[in-house]
Protein chains: 2
Amino acid sequence: MSCLVSRLRYYLDISEDDEKLVLELEKQEVNYKARRTLNLQQQKNNLFILKRGWLYRYADLQDGRRQVLRVHYPGDIIGLTDIAMCETFGDLATATDVTLCPFQKKHLDKVFIQSPRLTALIFSLGMLEEAILLDRITMIARNNAVNRVANYMLELYSRQKIHTNNTVFTTFNMPLTQDVIADALGLTNVSVSNAFAQLKQENKILNHRKRITILDPDKLKKDLNFIDRFFEIDTSWFPNA
Amino acid sequence: MSCLVSRLRYYLDISEDDEKLVLELEKQEVNYKARRTLNLQQQKNNLFILKRGWLYRYADLQDGRRQVLRVHYPGDIIGLTDIAMCETFGDLATATDVTLCPFQKKHLDKVFIQSPRLTALIFSLGMLEEAILLDRITMIARNNAVNRVANYMLELYSRQKIHTNNTVFTTFNMPLTQDVIADALGLTNVSVSNAFAQLKQENKILNHRKRITILDPDKLKKDLNFIDRFFEIDTSWFPNA
DNA sequence: CGATATATTGAAGGCAATCAAGAAGTGTGG
DNA sequence: CCACACTTCTTGATTGCCTTCAATATATCG
């Protein structure tokens, strides 16, 4: 069963023809162990569908530090951001063991030609990611370390809900190290550690052995002005099937 | 003459049929004076093509501060980011006098059905914006005030080159106030002022009366690791006309 | 011209970075 | 199953950059 199709079905009825279009892209499979890096430059013109595991995209900076740009979950299409560019930037690193389905950028044209409706959905999901990046900019630009970490945990929580069809509890797996979280939020591992300590003391978020517990998600969302953009998209304008 | 069509033509040959599709969206026109705000909530289901002037999108925060999310130039489509969402967020404010062409979200479906090629271009431009947001996150998360301001000026410079078909000089109009720049970069107006003072002293960037001079753009780009993502996009995978 | 908006400059304080050392956790091979 | 190496996390002290607050100067608009 394709987790991309299942994610798309969360938002929209997908016809059998459309399902075939997607499955066409998932023919190949590659596996990687946890904590490996994949050089994207070598994979030029390839996109990936993530079938299993956690993966993150990062960029190395001049001074040796790095910036984590995005974390991917099963059902994500990886590389759409680069679709406009001749050269890709950044690399991928695996947080857990993963399974990827690589496919050629070119093969997307079939989707664009044969299914305006599916195209509109993929387009919308892309724009949704953009809105979430705007939220993240606001968060990084204007919040202190504690709120950044709390906000990020809420985002991971909300994402998992969609990717697992709402079967996620307030305790969930979070395999990212504090170094990775720090690099995602523009902090240091020291600040992230201190932030978790404070969140624990305030009875808001517990973390123990790669597992996170958000004690009262709704209250925390309200306190942080967190907007959950994942659970619904507007399909009213979509071309008919 | 449509500046959106002209911008699209910068990247791709646009057929006459495709041009008609775009012009269809620009039938209405509305004018606004400088330094006004437009409530986006009321314009639900509307997108805009910006024909003239500068406009920026911002979000009000709980504590009274605000975050500037994006600056728009003539030829931009405004609101694509919200296309997936039932509710919009944030507001628009005019930096100069502007002319907008509002059109219904619904009317986009014609583009998706009739021109996969034009759809691919609009999609790619959207993804390009996303890549630029990733750059901005890196910049805000990892750079000091001086570099943030310098980097942002380079971005504005590069954008204007595309939007005016390369007819922009190292001195150009920059109608944003330092408050707006601060709110875009997660700084205060004080820091922005100090940053400009230092950039002036180092003979890198001069600003005087809403005009910016970048003394040696290429050197500055290199020093800041600035990547210009605007000047080219990969159209090789696009569906044929 | 006067009123308002925008920019400059200085002083003091706070938050996160940096540096450093040690503790806890994880994985591997014998 | 344990020992060892390595990674990840914690905690404390110091430093630096940006914010905040405040006052003045300059620019812009009606």
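Just so it is clear: chains get the letters A, B, ... in the order the sequence lines come, proteins before strands, and each one is counted from 1. Atoms considered below: every heavy atom in the structure, side chains included; atoms not considered: hydrogens, waters and symmetry mates.
Using modelled atom types, one finds no donor on one side chain facing an acceptor on the other under 3.5 Å when comparing B/Thr99 with B/Glu29. Looking only at atom types and distance, the side chain of B/Thr37 has no donor-acceptor partner in the side chain of B/Asp91 under 3.5 Å away.
The nearest whole Å value for the distance from the CG atom in A/Asn194 to the C1' atom in C/dC15 is 11 Å. Atom CG in B/Asn144 sits roughly 12 Å away from atom P in C/dT18 (whole-Å rounding). Between the CZ atom of B/Arg36 and the C1' atom of D/dG30 there is a distance of 12 Å, given to the nearest Å. B/Leu61 has its CG atom 14 Å from the P atom of D/dT19, to the nearest Å. Between B/Asp179 atom CG and D/dT19 atom P there is a gap of 12 Å when expressed in whole angstrom units. Atom CG of B/Asn143 and atom C1' of C/dA17 are 15 Å apart (whole Å). Taking atom NZ of B/Lys33 as the reference point, atom C1' of D/dC29 lies 11 Å away to the nearest angstrom. Atom CE of B/Met174 and atom P of C/dA7 are 8 Å apart (whole Å).
The two residues B/Ile83 and B/Lys105 come nearest to each other via the heavy atoms O-NZ, 3.1 Å. Of all the heavy atoms in A/Asn189 and A/Gln178, the pair that sits closest is O-OE1, 4.0 Å.
With sequence neighbours excluded, the residues forming a salt bridge (charged side-chain N to carboxylate O under 4.0 Å, His left out) with B/Arg7 are B/Asp76, listed by chain and number. Not counting sequence neighbours, the partners of A/Pro217 by the side-chain contact (heavy atoms from CB on, under 4.5 Å) test are A/Tyr157, A/Thr170, A/Ile214. In this structure A/Lys204 satisfies the side-chain hydrogen bond (donor to acceptor under 3.5 Å, both in side chains) test together with A/Glu202, sequence neighbours excluded. Contacts of A/Asn173 classified as side-chain hydrogen bond (donor to acceptor under 3.5 Å, both in side chains), with partners at least two apart in sequence or in another chain: A/Arg211. B/Tyr73 meets the ring pair (Phe, Tyr, Trp, His ring centres under 6.0 Å) test with B/Trp54, B/His163; sequence neighbours excluded. Taking the side-chain hydrogen bond (donor to acceptor under 3.5 Å, both in side chains) definition, one finds that B/Asp97 meets it with nothing, sequence neighbours left out.
For the segment residues 198-212 of chain A, the set of residues with a heavy atom within less than 4.0 Å of an atom of DNA chain D comprises A/Lys210, in numerical order. Within a heavy-atom distance below 4.0 Å of DNA chain D, no residue of residues 147-155 of chain A is found. The stretch residues 185-193 of chain A touches DNA chain D through A/Val190, A/Ser193, each having a heavy atom within less than 4.0 Å of the strand.
The pair A/Arg142-B/Asp183 counts as a salt bridge, with a side-chain nitrogen and a carboxylate oxygen less than 4.0 angstrom apart.
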Take B/Asp223 and B/Lys219, measure what salt bridge (Lys or Arg N to Asp or Glu O under 4.0 Å) needs, and give me the verdict at the end.
-> CA-CA 6 Å; B/Asp223 290 348; B/Lys219 184 174 183 310; 2.9 Å; yes
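Residue pairs meeting the ring-ring contact (aromatic ring centres under 6.0 Å, His included) criterion with at least one member in residues 178-229 of chain B, sequence neighbours excluded, do not occur.
An OP1 or OP2 oxygen of C/dT8 is reached within less than 4.0 angstrom by a side-chain nitrogen or oxygen of B/Gln178.
Take the nearest nucleotide of DNA chain D for B/Arg35 and for B/Arg65: the residue whose nucleotide is more 5' is B/Arg65.
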Name every donor-acceptor pair, under 3.5 Å, that has one atom in a side chain of residues 129-137 of chain A and the other anywhere in the protein, sequence neighbours excluded.
unit_1: A/Glu129; atom_1: OE1; unit_2: A/Arg159; atom_2: NH2; d: 3.1
unit_1: A/Glu129; atom_1: OE2; unit_2: A/Arg159; atom_2: NH1; d: 3.0
unit_1: A/Glu130; atom_1: OE2; unit_2: B/Arg70; atom_2: NH1; d: 2.9
unit_1: A/Glu130; atom_1: OE2; unit_2: B/Arg70; atom_2: NH2; d: 2.6
unit_1: A/Asp135; atom_1: OD1; unit_2: A/Arg229; atom_2: NH2; d: 2.9
unit_1: A/Asp135; atom_1: OD2; unit_2: A/Arg229; atom_2: NE; d: 2.6
unit_1: A/Asp135; atom_1: OD2; unit_2: A/Arg229; atom_2: NH2; d: 3.3
unit_1: A/Arg136; atom_1: NH2; unit_2: A/Glu155; atom_2: OE1; d: 2.9
unit_1: A/Arg136; atom_1: NH2; unit_2: A/Glu155; atom_2: OE2; d: 2.7

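Computed from C1' positions of five pairs at each end, the angle between the two local axes of the helix from C/dC1-D/dG30 to C/dG30-D/dC1 equals 60°, rounded to 10 degrees.
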